[in-house]
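Down below is the structure, laid out as structure tokens.
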Amino acid sequence: MAITLPDGSVRRYDGPVTGDKLAADIGPGLAKAALALRVNGTLKDLKSPIAGDAKVEILTLKDPSQDVLELIRHDAAHVMAEAVQELYPGTQITFGPSTETGFYYDFVRDEPFTPEDLAKIEARMREIVARDEPIAREEMDRDAAVRLFQDLGEKYKAEWVHEIPTDEAISIYRQGKWLDLCVGPHLPSTGKLPVAFKLMRVSGAYWRGDAKNQQLQRVYGTAWRSKQELDAYLTLLEEQEKRDHRRIGKEMGLFHQQEEAAGMVFWHPKGWTMYRALERFIRGRLERDGYVEVKTPQLVDRKLWEASGHWEKFRENMYIAENEEGLKEFVTDPASRIFALKPMNCPCHVQIFNQGLRSYRDLPLRMAEFGSCHRFEPSGALHGIMRVRNFTQDDAHIFCSFDQIEAESVRFYKLLSGIYRDLGFEDFKVKFSDRPAVRAGDDALWDRMEGALHAACKTAGIDYTMNPGEGAFYGPKLEFVLRDAIGRDWQCGTLQVDFVLPERLDAEYVGPDGAKHRPVMLHRAIFGSFERFIAILIEHYTGKFPLWLAPVQAVVTTITSDAEPYARKVHQALTEAGLRADLDVGPEKITYKVREHSLAKVPVLLVVGAREAEQETVSIRRLGSNAQESLALRDALAKLCSEARVPGT
RNA sequence: GCCGCAGUAGCUCAGCGGUAGAGCAUUCGCUUCGUAAGCGAGUGGUCGGGGGUUCAAAUCCCUCCUGCGGCACCA
């Protein structure tokens with residue numbers, strides 16, 4: 001048999017050979033470094049035999065692939081579980097996979113793990129690595145496996161054996177005295193695990209991801225090829241923390257939140273300035289793209305929510321309002337005087353659509369609203385201004401005919417991609433969610449809906465991935481996922497086809513045939529919500545916004561108080577030119593003022609002293625640079641105004 | 001909502017049974033200075049709310065609220 005190595009060389013053997021033997025034959029250095037095999041593209045244990053002709057790669061820590069990281073992390077999870085069971089006998093194991101940055105293991109134990117426990121577990125993990133316990137795979141029959149785990153008191157593992165498809169082998173991995181039910185592959189021994197891991201935190205997690213099940217204790221860790229990689233990751237986490245919109249929002253005085261209005265935002269002047277700039281920007285785009293803007297009530301009678309189906313399906317998330325008079329009337333007329341704060345704008349938009357008799361000539365009707373919605377989100381879901389209970393959607397509904405879905409979807413995609421690009425997000429992904437298991441409408445209808453969206457994607461040249469079964473019950477959808485400056489993904493935009501709500505709220509138009517037809521609604525958003533989107537912008541830019549978005553665009557400041565009259569003149573000129581400028585004529589040293597305004601992330605600092613006053617110039621200092629540029633006041637104004645222009649205007 | 005952790009001055013945090021602290025910010029003086037912290041003084045807290053234990057509670061216990069990290073949720 002012939003084994004082809006990555007360099008193209010071929011080694012011949014008379015019979016099956018194990019990976020560690022192969023590695024040893026190639027060289028002692030490789031034998032020592034070898035972690036696992038990739039046989040014809042499939043990852044295998046190092047000790048597994050290679051039975052016939054194959055392309056074989058021997059993986060070491062140097063291998064740049066994600067496979068090696070997953071291997072390390074999966075092993076780290078096992079080593080952690082072994083450490084935990086040594087330290088805390090009676091603890092049961094459940095699952096312990098690798099994750100994007102590390103691993104976790106879910107345990108069953110009455111006592112909660114404390115942060116001190118984590119330190120102990122980590123220390124014991126190092127001991128287990130030092131022990132260099134050989135790791136061995138073993139296959140056994142189903143009943144034996146169940147008995148084995150039952151005897152060990154591992155009820156969850158025993159239960160899981162039954163879940164493994166009957167055509168799959170049951171494999172056990174042993175390291176030292178410890179064992180786990182696992183498909184593998186794994187490292188040849190615990191000593192091969194790089195000591196570049198760190199336990200991060202402990203949290204709750206439900207057995208099999210279902211909130212109805214028992215809650216387990218999940219211990220998270222991170223693991224890397226080397227100490228350097230680990231340190232780089234920990235540094236990245238620190239960087240992320242510095243970008244945190246909650247921290248920057250506070251530091252820059254953009255907004256605050258307080259317990260009397262949990263999950264809501266108090267926008268301060270600077271934050272609201274940004275908000276308005278963003279709103280102005282997108283409103284301009286919508287107007288140019290043929291949208292009309294509306295405004296609908298916050299508080300709407302329960303009857304409408306019953307008709308739309310929200311009362312039945314979304315009620316737990318709705319704020320219900322009533323008053324004394326309403327209560328009195330409620331007694332005699334149970335159908336009225338209970339209101340709800342709108343959790344969505346769509347039913348209200350249909351009300352506007354329904355005023356008067358619509359013609360097919362009115363379609364497509366693109367109805368936009370910066371609609372403030374309230375949803376009672378679970379307390380654990382709240383997060384800064386990203387996940388709130390009162391938020392403003394950049395919402396719109398496109399009322400159109402079936403035939404218009406494709407063209408409208410293409411048009412929307414163009415609008416959205418242009419806006420993302422102008423905001424500094426070059427890179428975004430599209431996910432296509434198709435019919436879910438529980439859904440309204442027959443398959444023929446879904447075929448048409450999905451077909452129209454697929455066609456739109458094709459026409460617009462959209463590269464998308466499928467998200468099977470994740471569509472709304474009323475229709476398929478596209479989701480637009482942004483990638484920010486440090487590679488995190490954020491789902492913001494959405495385009496959803498809906499044929500249920502027009503039916504429920506009886507929207508109709510008269511077609512060219514003179515008969516009444518049901519319009520289709522396209523629910524669509526680009527930011528998703530202003531609150532969340534601003535949070536993403538804050539984190540994307542670390543608060544160092546492009547000029548047009550910056551709450552304070554420029555500060556004029558003086559070297560000495562002699563320059564104050566000229567500084568006032570410069571400030572007034574900026575303000576009159578439409579720039580958001582502050583004036584700082586305090587008595588502090590210029591170094592102090594530069595530091596202050598740099599920390600406040602003011603993009604442009606205009607420094608003036610005697611020289612500038614005399615020559616009618618300004619000295620410009622940009623945030624993030626210590627270079628100075630001297631310009632005539634008039635030129636500086638023109639330059640800044642052009643830089644501060646809202647994108648696309 | 002669930003599990004764990006936390007809440008002390010405007011901010012960041014120390015104190016963890018025995019009279020509430022620091023730095024920064026703020027206020028007031030002085031300083032007029034050329035690009036990331038001049039000097040000095042003062043003000044500032046029912047130690048998240050409520051209850052309990054104790055001679056004595058920021059500190060220990062119970063409970064509620066809020067936040068943080070996950071889980072679940074996010075038409």
Next on the checklist: If the test is ring pair (Phe, Tyr, Trp, His ring centres under 6.0 Å), which one of A/Phe103, A/Tyr105, A/Trp160 qualifies with A/Phe95?
Outcome noted: A/Trp160
Checklist entry - Taking only side-chain nitrogens and oxygens of A/Tyr220, does any of them come within less than 4.0 Å of OP1 or OP2 of B/rC71? => result yes
Item to check | Separation between the P atoms of B/rC68 and B/rU19, rounded to whole Å | outcome: 35 Å
Run the side-chain donor-acceptor check on residues 473-481 of chain A: report pairs under 3.5 Å with partners two or more places apart or on a different chain.
from: A/Tyr474; atom 1: OH; to: A/Gln496; atom 2: OE1; distance (Å): 2.4
from: A/Lys477; atom 1: NZ; to: A/Glu479; atom 2: OE2; distance (Å): 3.4

Item to check | Separation of atom CE in A/Met386 from atom P in B/rC68, rounded to whole Å | outcome: 12 Å
Next on the checklist: Expressed as a whole number of angstroms, how long is the span from A/Gln214:CD to B/rC3:P?
Outcome noted: 12 Å
Item to check | Quiz item: A/Arg532 side-chain donor-acceptor pair to B/rC74 base, under 3.5 Å | outcome: no
Next on the checklist: With a 3.5 Å distance limit and no angle check, can you tell me whether A/Thr494 reaches the backbone of A/Arg524 through a side-chain donor-acceptor pair?
Outcome noted: no
Checklist entry - Rounded to the nearest 0.5 Å, how far apart are CD of A/Glu629 and CG of A/Asp635? => result 10.0 Å
Item to check | Rounded distance in Å - CD (A/Gln258) to C1' (B/rG49) | outcome: 15 Å
Item to check | Contact residues, residues 106-123 of chain A to RNA chain B [heavy atom, < 4.0 Å] | outcome: A/Pro112
Next on the checklist: Let me spell it out: for each of A/Gln496 and A/Phe376, pick the nucleotide of RNA chain B with the closest heavy atom. Which residue's pick is nearer the 5' end?
Outcome noted: A/Phe376
Checklist entry - When you match A/Gln257 and A/Ala472 each to their closest nucleotide on RNA chain B, which lands nearer the 5' end? => result A/Gln257
Checklist entry - How does each nucleotide of nucleotides 10-16 of chain B score, in 5' to 3' order, for protein heavy atoms under 4.0 Å: base (B), sugar-phosphate only (S), or none (-)? => result -SS----
Checklist entry - In whole Å, what separates the C1' atom of B/rG49 from that of B/rG40? => result 40 Å
Item to check | Protein-nucleotide distance (A/Lys212, atom NZ; B/rG1, atom C1'), rounded to Å | outcome: 13 Å
Checklist entry - Under 30°, 30 to 60°, or over 60°: which ring-plane class applies to A/Phe425 and A/His540, parallel, tilted or perpendicular? => result tilted
Item to check | Distance in angstrom units between A/Tyr206 OH and B/rC71 P, rounded | outcome: 11 Å
Item to check | Pair A/Tyr206, A/Arg208: side-chain N/O donor-acceptor within cut-off below 3.5 Å | outcome: no
Next on the checklist: Check the phosphate of B/rC74 against A/His383, side-chain N and O only, distance under 4.0 Å to OP1 or OP2. Yes or no?
Outcome noted: no
Next on the checklist: Any base atoms under 4.0 Å from A/His523, or only sugar-phosphate, or nothing? Heavy atoms, all strands.
Outcome noted: nothing
Next on the checklist: Just to be sure I understand the rule, does A/Gly384 reach a base, reach only the sugar-phosphate, or reach nothing, if contact means heavy atoms closer than 4.0 Å?
Outcome noted: sugar-phosphate
Checklist entry - With sequence neighbours left out, what residues match A/His256 under ring pair (Phe, Tyr, Trp, His ring centres under 6.0 Å)? => result A/Phe266, A/His268
Checklist entry - Distance between the P atoms of B/rA37 and B/rG44, in whole angstroms? => result 31 Å
Next on the checklist: Rounding to an integer number of Å, can you tell me how far A/Trp207 CH2 sits from B/rC71 C1'?
Outcome noted: 15 Å
Next on the checklist: Measure NZ/A/Lys313 against C1'/B/rC73 and give the value in whole Å, please.
Outcome noted: 17 Å
Item to check | Nucleotide opposite B/rC33 in a Watson-Crick or G-U pair, distances under 3.5 Å | outcome: none
Next on the checklist: Return the pairing partner of B/rU59 with a 3.5 Å limit on both distances, Watson-Crick or G-U wobble; otherwise return none.
Outcome noted: none
Next on the checklist: Under the rule for ring pair (Phe, Tyr, Trp, His ring centres under 6.0 Å), what residues qualify as partners of A/Tyr156, not counting sequence neighbours?
Outcome noted: A/Trp207
Checklist entry - Using purine N1 to pyrimidine N3 plus N6-O4 or O6-N4 for Watson-Crick, or N1-O2 and O6-N3 for G-U wobble, each under 3.5 Å, what pairs with B/rA14? => result none
Checklist entry - With a 4.5 Å heavy-atom cut-off, do A/Gln92 and A/Asp106 have their side chains touching? => result no
Checklist outcome for this item: Under a 3.5 Å limit on both distances, the Watson-Crick or wobble mate of B/rG45 is none
Checklist outcome for this item: Rounded to the nearest 0.5 angstrom, the CE-CD1 distance for A/Met386 and A/Ile538 is 8.5 Å
Item to check | Between B/rA14 and B/rU54 - C1' atom distance, rounded Å | outcome: 26 Å
Next on the checklist: For nucleotides 33-48 of chain B, give me one character per nucleotide, 5' to 3': B if any protein heavy atom sits under 4.0 Å from the base, S if the only such contacts are to the sugar-phosphate, - if neither.
Outcome noted: BBBBBS----------
Checklist entry - Do we see a donor-acceptor contact under 3.5 Å between the side chains of A/Lys601 and A/Thr542? => result no
Checklist entry - Does B/rG4 have a Watson-Crick or wobble partner in any strand here, with both distances under 3.5 angstrom, and which is it? => result B/rC68
Checklist entry - Quantified in whole Å, what is the P atom distance between nucleotide B/rC60 and nucleotide B/rG18? => result 11 Å
Next on the checklist: I'd like the C1' distance from B/rC64 over to B/rC71, given in whole Å.
Outcome noted: 23 Å
Checklist entry - Taking A/Gln351 for the side chain and A/Thr296 for the main chain, is one N or O donor matched with an acceptor at less than 3.5 Å? => result no
Next on the checklist: Please report the distance separating the C1' of B/rU53 from the corresponding atom of B/rG67, rounded so that it comes out in whole Å.
Outcome noted: 28 Å
Checklist entry - Using a cut-off of less than 4.0 Å, is there contact between a side-chain N or O of A/Arg246 and OP1 or OP2 of B/rC68? => result yes
Next on the checklist: Under a 3.5 Å cut-off for both contacts, is B/rC73 paired Watson-Crick or G-U wobble with anything, and if yes, with which nucleotide?
Outcome noted: none
Next on the checklist: Tell me if a side-chain donor or acceptor on A/Gln553 pairs with a main-chain N or O of A/Pro603 at a distance below 3.5 Å.
Outcome noted: no
Item to check | Nearest-Å distance for atom pair CG/P, residues A/Asn390 and B/rC74 | outcome: 20 Å
Checklist outcome for this item: Looking only at B/rU32, B/rC74, B/rG69, the nucleotide nearest the A/Arg375 side chain is B/rC74
Next on the checklist: Suppose we call two aromatic rings close when their centres sit under 6.0 Å apart. Are A/Phe113 and A/Tyr88 close by that rule?
Outcome noted: yes
Next on the checklist: Could you identify the nucleotide paired to B/rC28, looking across every strand shown and requiring Watson-Crick or G-U wobble geometry with both distances under 3.5 Å?
Outcome noted: B/rG40
Item to check | Base partner of B/rU54, which must satisfy Watson-Crick or wobble distances under 3.5 Å | outcome: none
Next on the checklist: Please classify the nucleic acid contact of A/Gly309 as base, sugar-phosphate, or nothing, using heavy-atom distances under 4.0 Å.
Outcome noted: nothing
Next on the checklist: Using a 4.0 Å heavy-atom cut-off, does A/Met344 contact any base of the nucleic acid, only the sugar-phosphate backbone, or nothing at all?
Outcome noted: base
Next on the checklist: I'd like to know if the side chain of A/Ser619 pairs up with that of A/Glu612 as donor and acceptor (distance under 3.5 Å, no hydrogens or angles considered).
Outcome noted: no
Next on the checklist: Distance check, P atoms only: B/rC62 and B/rU43, in whole angstrom units.
Outcome noted: 39 Å
